Structures are given as structure tokens and as C-alpha cells.
Amino acid sequence: MQSPLHILQHTFGYHQFRDRQQEIIECLCQGEDALVIMPTGGGKSLCYQIPALARGGVGVVISPLIALMEDQVSALRELGVRAGYLNSTLDRDTAWHTENAIRSGELDLVYIAPERLIQERTIGLFKESNITLFAIDEAHCVSQWGHDFRADYLKLNLLHELFPQVPKVALTATADERTRQEIVARLNLHSAQQFISGFDRPNIQYRIQQKNKPREQLLRFLRDEQQGNAGIVYCLSRKKVDDTAQWLANQGFNALPYHAGMSGELRQQNQARFLREDNIIIVATIAFGMGIDKPDVRFVAHLDLPKSLEAYYQETGRAGRDGEASTAILYYGLEDIVKLRQMVEGSAGNEQFKRFEMQRMNTMFGLCEITTCRRQVLLRYFGDELKEPCGNCDNCLHPPDTWDASEAVQMALSSVYRSGQRFGAGQVIDILRGADTEKVRQFNHNQLSTYGIGAKLSTNEWRSIFRQLVARGLLNVDTQGYGTLQLSEACRAILRGDEKIFLRRDITVKKSEPVRKRVFDIDEGDIPLWNALRQRRKELAEEHGVPPYVIFHDATLKEMIIKQPLNDEELLDISGIGDRKLEQFGEAFLEVIRDFEYQ
Ligand code: ADP
Ligand code: ZN
């Protein structure tokens, strides 16, 4: 039996275990059960792949992510691991061959969909084979309360009855207590050792900006920071998805739309390109979800506000599964708050439901408006404590200014009041700024005592004030869809002048903030080498019929740039290059590096 460390270094090409990987692997190698809760990108796969290899026999990995199986298996094969998969996409012949290989012990790992596993035929096959491990990935799918419930997952408790001797490991990134208890109960993991890590995704940089020509903001972000990278842009409506994708394509990006209104075929095609190529931007509604866990998504941008922190965390969580630096950027404005409030008010649910949804939305607005570390707030919401500010969110990197807005807020509130609480922010701002529009004249708003008293502030500054007042619940928005503003109980004290109010000074960002100016921390001068390495990777990926990240992760290419290896030994020193990959691809990459070295 090879030791886990030997397998880690020679097969996977990594130097050392991360966090609790070693403990988990040892637990399984000793034949015990385990429950592993680790954030996305934390390195769950090795926790079952290495024990499966170390224990000999066949390790079975149960996963609902059918779309990913082929790539996962190709990735293992490129490492020299004997892997296969069984799901409904396989033709009979291939399935038959795979089954035979399991029976005769010619495979180390087999991925399987839950519905396939519970068939009698499969159970029979496994009974005849030497199965040495069951890994139940995405184990939160047993939870009937979660987003991803799969009825077939409930039947997985039969593993406990039919294969009592085979160790089981359940893995998920969903960390809440209730889900964890459900997993233990439903999968019969009462005696499993639990390995629980927090929720944090430290490699994701959270940024939230006030909307101000959002398309241009997005464009600047993409041009300044994300050239050639894969990412997701989320929009609320199908139409906006189509328009935005078209517009980005016109700007020279490889942008493709994805929403439930498109034909299944086209959707499939766009998703496949996203997975296969390394510089596709998918513009999508939230229908773009499970099954697209591409590891090297470098950014997730929201052009509309998600309706809860849960949704925000899940959607932004699709960035950086490979653990590399990634960005989650959200643009939001007053109209987003108004739109979401109206959606909930106008929804069919009862009062209690609406109150609950409103509360969830308010925590989302809260995250947008805070002036302290965003990650601390996010993690606290999910029951995780981060002691120090993270240093990797916009508020940490560029602490926002606040200003005493008491006087301006009084002006704003009394303008709302004096115009009869019948108008939206646009009209009230026109009143404050003393605009001479037809609508102002029509309603005699130029006669109001507040007409023109706020001319010193720009329209954008006023919009920022109104947005923050609505987000804080000092102003309510009507339910009929006109965006009419009304005073709330809470604003009395401010109107009386009893309470001071400090607001965030929105930075009018001229260029996209120079948070991380260069793509992926690569020096300007190294970009040609970076591009050449990526080009070589692309050629090899095409040759092997796999996505580029299966050849090497971005992190591995990046390390090549830093270390500039010139021979095999130096290559082996790079994380992600094991024996097999060295043999297969080493020379091809050395060639590229030498070309640059001797120029
Ligand atoms: P998860 O399934 O938890 O989302 P993965 O298993 O896909 O995460 O791992 C995320 C990334 O981290 C992968 O690129 C993987 O190769 C890498 N990784 C995992 N463990 C290690 C390690 N010990 N050293 C270096 N890289 C690792
Ligand atoms: Zn922070």
C-alpha cells in the first residue's frame, strides 16, 4: 500500500496536505466513516480520492453532477488514475465495459449518479466487486429543506445496510447545523467522525458598487482586470440576459446567454462551451446553477441585486472553486431595492411569508450599505465568526467615507412629505434640485418650500441618499409599481432633528477601483509568457479532448512564471505537477519557457 503522502506528491503533484485533509484521509484508510464539511474549493476531492487509491479495490463516488463526471474522470486519467463513470449519458457498450472493469478490479475510482447506484443491477455488481470506499459528494442533497434536494439521495441509506464493512464519507460545503444533522440521520452516519471547517471563501474578493451606468462599469471591470478570463454575469430577466450578452459580444468578449427561455439544445451548447473553453463569459439568470461547477471561474458579476444573502453567497460561490484569487462584483442602485420590494409585496404569499422575505431582503440591502468588512457580516449571518476584518473586500481595501448627512436627509424627507408622498425618487430629486421640467410645472412643485433647496448636491448624490434611506427603512416604497416614496415611522426623530444620520459617501469610480489591477497577479511584463503558456495548454486540451484546467490549473501556470523551471526536476517542484503530468506535458511547457528565457 502506498502512503497517502506519497500519492499526494507523486500522483497529484502537491507538496503537502491542506487543513484537515490528512486526518480525514487517515480516518477513512482505517476503515471508519467520516462527515466532511469544507467550503467550496477547500479540497474535498482528495479526501476520498487518496483513500480510494491507498486502500486498493474500487472507490465509488456518488454525485448528482452528471455534467461534470466526464471531466472529473478525464482529469483523473491524465494523472494516471484508473477512473470511470456510470450515468445515463453513457451508451450501453461503454457502460458494460465499465461494469466489467469494476468487477475485475481494473478501476480505482468510479463516479456514479445516485439514481444509477440504487438500481438492483448496480447493487448486484457492487456486491460482486471489491468496493473499498463510498464517497457521497454534495451530501446536502439529502436535505428536503435545501435547494438541491434529490429524492434518490434518501435511498442511499441502503449502503449502510448492504455494505456495513465499507467505509463511507459524506461531503458537502453546506455548513448549517440542520443540514448536518439531516445528513447524519439519513445516511446513517451516527458513528462517523465529523470534520467541520468554516464557511469562508478567502480567495473571493467581495465588491459592491453603486450603479452608475452599470454596463460601462462592467466593461471597465472586464477590460481592466479580467481579460481572457471565464466568468458569470447574472441578470434578473431573460431579456436583460439576451441584451447584455449581445452587447458584450459586440464589445469583443466571448459572451453567451443562458436562461430558461432558450431551447434546451442551445442552452446545452453554451454551457458546454463555458466548461470547455477558458475565456467564455456566461450571461445568465439564476437558472444557471447546479452542474456548472467549473473550477476556474474568475469572476461573478451581478447586474441586479440578488434577493437574499443566501442567494448572493451561493451565486458568488461559483467563482474560484480552484481556490485561486477571484472577484465577486455587484452593482446595485435604488431601482433594485424598489424592484425587489415590489416583487415581494406583489407576490402571492401570505403576510407572514412576505414579512419573512422582506427581512431576508433587508439583510441583503444591509450588506450593500455597510461601511465595515463585508466578509465579517456575511459569515456572521451564516453563523461563522471572523475575528479580524478580512482585508480582501472593497470596504477593507478602500475604507469608505461617511459624512454627516442629517441636513440633507431632512431636506429629502420633507420634500417627500410636502409633495404628498405620491412621487418617486426621480421627481423628488427634481424638486430638491429645482429642476424646471414639465412635470414640476404640472404639479406646481416649483411652489413648494423645498423647491431648489438641494441644488448643491448632484442628482447622483441625491440618488445615493435616497437609496440609503430606503435601504435603512426610513422611506417606504409603494406596492403598486410606481416607486412612490412614503415616510416611515422611523424617520420622525430625524425630521425633528433629534438624531444625526451618517451616510456612506459613494465613491464615484472613474476607473474600476485598482483593487487588483493586473489579471490574476501577473506582472505586466509576464503577460506574453502567460499567454503563451495558456496557448500551449489550449492546444494540449484540444488534443486530449478535455477542458484546459484538466491539463494544468491556472495556479500551476502561474507558478511556472514565477519559478521559470528549465528542466524536469525544477518542474516537479511546481504544485500540480506529478509524475504522470511531467511525463505527458513537461517537455511541451519547458519548450515555451525556454523560448522566453533565451530571447
Ligand atoms: P472542493 O471539492 O472542496 O470544492 P476541490 O477538491 O475541487 O475542492 O479542490 C479545489 C482545488 O484545490 C483543486 O484545484 C485541487 O486540485 C486543489 N487542492 C486540493 N488539495 C490540495 C493540496 N493539498 N495542495 C494543493 N492544491 C490542492
Ligand atoms: Zn473585509
Side-chain angles (χ1 to χ4, degrees), residues 4-5 7-9 11-25 36-50 61 63 65 68 71-72 75-76 78-79 81 111 135-140 169-175 195-208 292-297 317-328 367 370-380 386-400 515 547-559 573-578 581:
L5 185 64
I7 298 173
L8 178 80
Q9 293 176 338
T11 303
F12 293 92
Y14 297 137
H15 301 303
Q16 59 218 20
F17 287 112
R18 268 193 200 158
D19 300 326
R20 306 188 70 184
Q21 280 175 334
Q22 186 166 5
E23 286 173 73
I24 297 165
I25 290 166
V36 175
I37 309 222
M38 212 186 256
T40 306
K44 285 187 282 301
S45 326
L46 290 187
C47 296
Y48 53 81
Q49 288 167 345
I50 291 184
V61 186
S63 163
L65 305 177
L68 281 189
D71 290 340
Q72 284 168 325
L76 285 166
E78 298 293 348
L79 295 168
V81 174
Y111 285 72
I136 302 157
D137 207 1
E138 314 291 340
H140 60 278
V169 53
L171 310 101
T172 177
T174 307
F195 301 89
I196 297 163
S197 325
F199 238 114
D200 192 14
R201 304 283 311 280
N203 59 316
I204 299 181
Q205 182 176 89
Y206 297 103
R207 282 148 68 175
I208 302 183
I292 45 101
D293 298 307
K294 179 178 162 71
D296 54 349
V297 175
R318 301 198 169 114
R321 285 189 60 112
D322 55 7
E324 289 298 307
S326 312
T327 306
L367 179 74
I370 50 155
T371 49
T372 54
C373 176
R374 307 227 194 248
R375 193 181 312 269
Q376 281 182 316
V377 171
L378 266 174
L379 292 178
R380 196 171 310 129
L386 188 67
K387 294 234 161 51
E388 298 293 322
C390 76
N392 193 26
C393 71
D394 52 358
N395 285 350
C396 281
L397 291 161
H398 303 277
V515 176
Y549 62 81
V550 165
I551 305 293
F552 284 131
H553 280 293
D554 286 352
T556 303
L557 298 194
K558 200 166 89 177
E559 213 177 313
D573 198 37
I574 286 174
S575 182
I577 307 184
K581 287 213 167 158

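Ligands are counted one by one from 1 in listed order, and the atoms in each one are counted from 1 as well. This structure is a prediction, so every number in the text was calculated from the model and none was measured.
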Exercise for review: Taking only heavy atoms of R321 into account, list the atoms of ligand 1 that are under 4.0 Å away from them.
Suggested key: 2 (O), 4 (O), 10 (C)
Exercise for review: Check M38 against ligand 1 and report side chain, backbone, both or neither, counting heavy atoms closer than 4.0 Å.
Suggested key: neither
Practice item. List every atom of ligand 1 that sits less than 4.0 Å from any heavy atom of P39, numbering the atoms from 1 in the order shown and giving each element. Key: 3 (O)
Review point. Say you draw a straight line from OG of S197 to CD1 of I24; how long is it, rounded to the nearest 0.5 Å?
Key: 6.5 Å
Check your understanding: Got a second to check how far Q21's CD is from M38's CE, nearest 0.5 Å?
Key -> 5.5 Å
Study note, to complete from the structure: dist R375:CZ -> L386:CG (nearest 0.5 Å) comes out at 7.5 Å
Review point. What distance separates N395 CG from C393 SG, expressed to the nearest 0.5 Å?
Key: 5.0 Å
Exercise for review: Just go through A555, A173, G43 and tell me whose heavy atom is the nearest to atom 8 (O) of ligand 1.
Suggested key: G43
Check your understanding: Taking only heavy atoms of L46, which atoms of ligand 1 are found under 4.0 Å from at least one of them?
Key -> 19 (C), 20 (N), 21 (C)
Check your understanding: Of all the atoms in ligand 1, which lie at a distance below 4.0 Å from a heavy atom belonging to H553?
Key -> 14 (O)
Review point. How far is atom 5 (P) of ligand 1 from its nearest protein heavy atom, and which residue and atom name does that atom have?
Key: S45 OG, 3.5 Å
Exercise for review: Kindly confirm or rule out an N or O of S575 lying under 3.5 angstrom from an N or O of ligand 1.
Suggested key: no
Practice item. For atom 17 (C) of ligand 1, find the nearest protein heavy atom and state the residue, atom name and distance (0.1 Å precision). Key: R18 NH2, 3.7 Å
Exercise for review: Go through I7 and F12 one step at a time and tell me if the side-chain contact (heavy atoms from CB on, under 4.5 Å) criterion holds.
Suggested key: CA-CA 7 Å; I7 298 173; F12 293 92; 4.0 Å; yes
Practice item. Pull out every atom of ligand 1 sitting under 4.0 Å from any heavy atom of G41, numbered as shown with elements. Key: 1 (P), 3 (O), 4 (O), 8 (O), 10 (C)
Check your understanding: Under 4.0 Å between a Lys/Arg side-chain N and an Asp/Glu carboxylate O for K44 and D137?
Key -> no
Practice item. Identify the residue among L8, D573, I574 that makes a side chain to side chain contact (heavy atoms under 4.5 Å, CB included) with H15. Key: D573
Check your understanding: Please state the angle at the Zn ion (ligand 2) spanned by SG of C396 and SG of C373: what is it, rounded to 10 degrees?
Key -> 100°
Exercise for review: Give the residue and atom name of whichever protein heavy atom lies nearest to atom 11 (C) of ligand 1, and the separation in Å to one decimal.
Suggested key: D322 O, 3.7 Å
Review point. Looking at Q205, R201, R207, which one forms a side-chain hydrogen bond (donor to acceptor under 3.5 Å, both in side chains) with N392?
Key: Q205
**Study point:** Protein residue, atom and distance nearest to atom 16 (O) of ligand 1, heavy-atom basis
**Key:** Y14 OH, 2.4 Å
Check your understanding: Between NE2 of H140 and CD1 of I37, what distance do you get to the nearest 0.5 Å?
Key -> 11.0 Å
Review point. Which of the atoms in ligand 1, numbered in the order shown and given with their element, are less than 4.0 Å from a heavy-atom of Q16?
Key: 22 (C), 23 (N), 24 (N)
Revision key, fill the gap. Angle subtended at the Zn ion (ligand 2) by C390 SG and C393 SG, to the nearest 10 degrees, is 110°
Point to revise | Between OH on residue Y14 and CG on residue L5, distance to nearest 0.5 Å | key: 14.5 Å
Practice item. Provide the number and element of each atom of ligand 1 under 4.0 Å from a heavy atom of T40. Key: 4 (O)
Point to revise | Nearest non-hydrogen protein atom, atom 20 (N) of ligand 1 | key: Q21 NE2, 3.0 Å
Review point. How close do S575 and T556 get, heavy atom to heavy atom, and via which atoms?
Key: O-OG1, 3.0 Å
Point to revise | ligand 1 contact by G42, heavy-atom criterion under 4.0 angstrom | key: yes
